[in-house]
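Accompanying notes for the structure given below.
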Amino acid sequence: MVMLDQEVLARAALLTQIAVAREMPRLEPVGCSIDDRGFRCDFKLKSGGWPSEDDALKVERAVLRIEEGNLKIVYEGLSDDELLQLLEHNAVYMVNGFRAYLEPSAKPSDKKVGAVKILNISAHNPTPEIRLVRFSGVAFSTQKELEEYLNWLEEAERRDHRVLGQKLDLFSFHEEVGPGLVIYHPKGQVIREELMKLIREVNERLGYSEVYTPHVFRSTLWKISGHYTLYRDKMVLANIEGEEYGIKPMNCPGHILIYKSKTRSYRDLPIKFSEFGTVYRWEKRGELYGLLRVRGFTQDDGHAFLREDQVKNEIKAILREILYVLSIFGFREEDVKIYLSTRPDEYIGTEEMWAKATDALKTAIEELGMPYQVREGEGAFYGPKIDVHFRDSLGRWWQCSTIQVDFALPERFGLEYVENDGSRKRPVMIHRAILGSVERFMAIIIEEFEGKLPTWISPVQVVVIPVRHDSVDYAYHVFEVLKNHGFRVNLDLSEETTSKKIRRAYGEGVPYIVLIGPKEANEETVTVRGRGNKQVKSVPLSEFIKALEKEVRRRSPSQVALDLIKKTEA
RNA sequence: GCCGCCGUAGCUCAGCGGGUAGAGCGCCGGCCUUGUAAGCCGGUGGUCGCGGGUUCAAAUCCCGCCGGCGGCUCCA
């Protein structure tokens, strides 16, 4: 992530607005916002056509021209214009006689804008009736900084999981299948399986028993759960022989039925079920985005049925495991955000229950020493929640992990357990997902590692390459031994030069290349190349296997096998 | 769903002021006694997203649909 100077952005945003107003009088500035990704200035289109890319270039030049002349920026105060209120950007400035806007918290710099780039012109519809033209861009004090930023953008494109997913042969989308529906290729499926293996271990520790439920339920169930009314617009419903069924958008109702299948005692609680449940949500067309936003996805879902006094411990245990999973992928703090969302205006349950649940969530985060932000009133109507967000290569945030406390569904389904005095009590439910969705998480880690995944999760871990024809037999032997040790290994016997085979293996993101020649065959050794041209020659095969086993068992985020061998050459 | 942009070989792209398609990589074949990030030669490969219209003639112009991208709204 390239850091952008917020004050330079604010100044550039003002200049962009007056440049647009001057160059294209049909556009009237109405608001502007700024964040770590740049500025976004909104305009009302009074007449005429949509601005073009050439217009964007004109605006960029005009900004710099205005900057060269005498510039007077005067703060005028806050506007009470209704539209501006809606946009929440209502500080008014007069810039050389033109009105321009900024969000009240932004402070324009005194430093001059040396470079500005309009990245795109798009629509902004704060409400369905209001349609605005939005100029998004970045600005810097110097041209050099802009060039650095553009280089970073190019690099971000190379990290794009949609590009890498194709290049690395992981998954594909097809017009005939439908938008937002992923087809996983063998290598992509390996990544899914490894992620699920990891989460199965976590579930084991947390005491969640894996279950399996169907993909389609009678609408009767969705009416009880409330999805039929509250979630219907995203559901796929089908009428079959006069009866209506719905494809599941969530796994909870199925798990609730397991809970309900017999009378539960206070002694049985907590009861916890997990499922890699593939759900379908008919997101609107324009909302789909690679693997990060799809219509069919697999949640590493889990539901705990608890006594009230068990809620806090469960939250803590889950949160601890979430942090563990984050650490495995080496996520940096700046790429992760934890939110605590509290009671909204409309809610069910008692205030006491909410206080307890919110307190439990809060204590859990604080006791684990994680920085977090509170989002007042952003909780679900049925309970407060913790969400963990991750950043993609372009700096956009996506929600992954989630822990939600739920008072509503136990009530709707009439869930009970028998208390020690024989009375009937209502359990509390926790919905949780560690990865969130397997596909979204996969996309995040592909971008995080630029496709060069840690060895334990790499679809192909080792490629064995004989460097001469006379070494094929030993290469085959090495291949077999590695395979028998459980590694995902390929043997490259193609009639190609060694250089080309190495290049190809690197291009496929393979962490280790094992080179075999007569020298290695004679000594029963291997020559190992890691990423970044690190190489160790003539390692006894057994030693390499030991080092590799360690790296994989630890789920090391970086390559350590060569260091473990301790003979690394430059 | 809304606004804008885009859709040519398996992939990346050229051609688009109308005259029935090109390159590189890949793939296939051949050559090379193949030691560390592209060896050489040859070949294969496209109802130019789909449908309609304008025209003597459409990849190229117009309309509709499908799909993708950038945003908005929404979410794991």
Side-chain angles (χ1 to χ4, degrees), chain A residues 37 40 42 45 49-53 87 119-136 157 160 162-163 166-167 169 172-180 231 233-234 249-251 277 279 281-301 380 387-390 394 396-402 404 431-441 443-444 465-472 493-507 513-520 527-529 531-533 535 537 569:
Chain A
R37 294 177 53 203
R40 284 166 297 281
D42 297 322
L45 185 60
W50 196 263
S52 66
E53 280 176 34
L87 293 166
L119 293 169
N120 75 69
I121 301 173
S122 57
H124 176 57
N125 317 322
T127 71
E129 314 82 62
I130 303 172
R131 289 177 194 165
L132 302 174
V133 179
R134 167 166 283 191
F135 282 63
S136 312
E157 265 166 50
D160 190 324
R162 295 165 303 183
V163 176
Q166 180 180 280
K167 190 179 152 221
D169 195 15
S172 53
F173 291 92
H174 303 266
E175 205 172 319
E176 315 84 291
V177 175
Y231 215 77
D233 55 328
K234 285 194 177 181
M250 293 186 195
N251 301 300
V279 296
R281 299 180 185 175
W282 232 243
E283 307 289 354
K284 291 182 221 155
R285 275 304 314 278
E287 292 170 343
L288 304 172
Y289 184 85
L291 285 188
L292 283 163
R293 193 77 188 271
V294 290
R295 281 183 173 161
F297 59 99
T298 306
Q299 295 180 308
D300 60 328
D301 213 349
D387 293 320
V388 182
H389 294 224
F390 295 91
L394 289 169
R396 291 175 290 207
W397 293 93
W398 298 88
Q399 184 182 323
C400 292
S401 326
T402 183
Q404 308 176 345
H431 308 240
R432 47 110 276 198
I434 313 276
L435 305 176
S437 98
V438 179
E439 12 295 287
R440 181 174 285 183
F441 198 83
I444 296 279
I465 299 177
V467 298
R468 285 173 35 167
H469 290 299
D470 56 9
S471 313
V472 168
L493 292 181
S494 59
E495 290 290 313
E496 228 105 46
T497 58
T498 304
S499 294
K500 189 159 183 180
K501 290 191 220 180
I502 290 172
R503 186 186 165 83
R504 185 163 52 201
Y506 274 129
I513 296 167
V514 163
L515 294 164
I516 301 295
K519 188 173 182 312
E520 286 79 5
T527 288
V528 185
R529 282 185 75 122
R531 287 171 176 149
N533 286 340
Q535 176 169 290
K537 285 187 178 165
E569 303 159 14

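Each chain gets a letter, A, B and so on, in the order its sequence line appears, and its residues count up from 1. What you see is a predicted model; the values in this text were computed from it and never measured.
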task: Would you mind telling me which of B/C75, B/C72, B/G35 lies closest to the side-chain atoms of A/Pro518?
output: B/G35
Side-chain donor/acceptor contact of A/Arg134 with base of B/C3 under 3.5 Å: no
task: Examine B/A76: is either OP1 or OP2 under 4.0 Å from a nitrogen or oxygen in the side chain of A/Gln399? Give yes or no.
output: yes
- request: Report yes if a side-chain nitrogen or oxygen of A/Lys500 is closer than 4.0 Å to either non-bridging phosphate oxygen (OP1 or OP2) of B/C32; otherwise report no.
  value: no
task: Starting at the 5' end of RNA chain B, write a dot or bracket for each base, bracketing those in Watson-Crick or G-U wobble pairs whose two distances are under 3.5 Å and using | for partners on another strand.
output: (((((((..((((.....[..)))).(((((.......))))).....(((((..]....))))))))))))....
- prompt: When you check the phosphate oxygens OP1 and OP2 of B/G70, does a side-chain N or O of A/Tyr289 lie under 4.0 Å from one of them?
  reply: yes
- prompt: Just to confirm, is there a sub-4.0 Å distance from OP1 or OP2 of B/G10 to any side-chain nitrogen or oxygen of A/Gln166?
  reply: no
message: Please classify the nucleic acid contact of A/Arg162 as base, sugar-phosphate, or nothing, using heavy-atom distances under 4.0 Å.
response: sugar-phosphate
message: Any carboxylate oxygen within less than 4.0 angstrom of a Lys/Arg side-chain nitrogen, looking at A/Arg504 and A/Glu496?
response: yes
query: Across the strands shown, which category fits A/Pro466 at heavy-atom distances under 4.0 angstrom: base, sugar-phosphate, nothing?
result: nothing
task: For B/G71, take OP1 and OP2 only and decide whether either is under 4.0 Å from a side-chain N or O of A/Arg396.
output: yes
- prompt: Between B/U36, B/C74, B/G71, which nucleotide gets closest to the side-chain atoms of A/Ala123?
  reply: B/G71
- request: Side chain of A/Arg281 only, please: which of B/C3, B/C75, B/G1 is the nearest?
  value: B/C75
message: With a 4.0 Å limit, can you tell me whether A/Arg37 has a side-chain N or O closer than that to the phosphate oxygens OP1/OP2 of B/G71?
response: yes
- prompt: With a non-hydrogen cut-off below 4.0 angstrom, is A/Thr497 in contact with a base, only sugar-phosphate, or nothing?
  reply: base
query: Does a nitrogen or oxygen in the side chain of A/Ser136 sit under 4.0 Å from OP1 or OP2 of B/G71?
result: no
- request: May I ask you to say what A/Lys519 touches in the nucleic acid, namely base, sugar-phosphate or nothing, with a heavy-atom cut-off under 4.0 Å?
  value: base
- request: Have a look at A/Glu176 and say if it touches a base, only the backbone sugar-phosphate, or nothing, with a 4.0 Å heavy-atom cut-off.
  value: nothing
message: Just to be sure I understand the rule, does A/Val294 reach a base, reach only the sugar-phosphate, or reach nothing, if contact means heavy atoms closer than 4.0 Å?
response: base
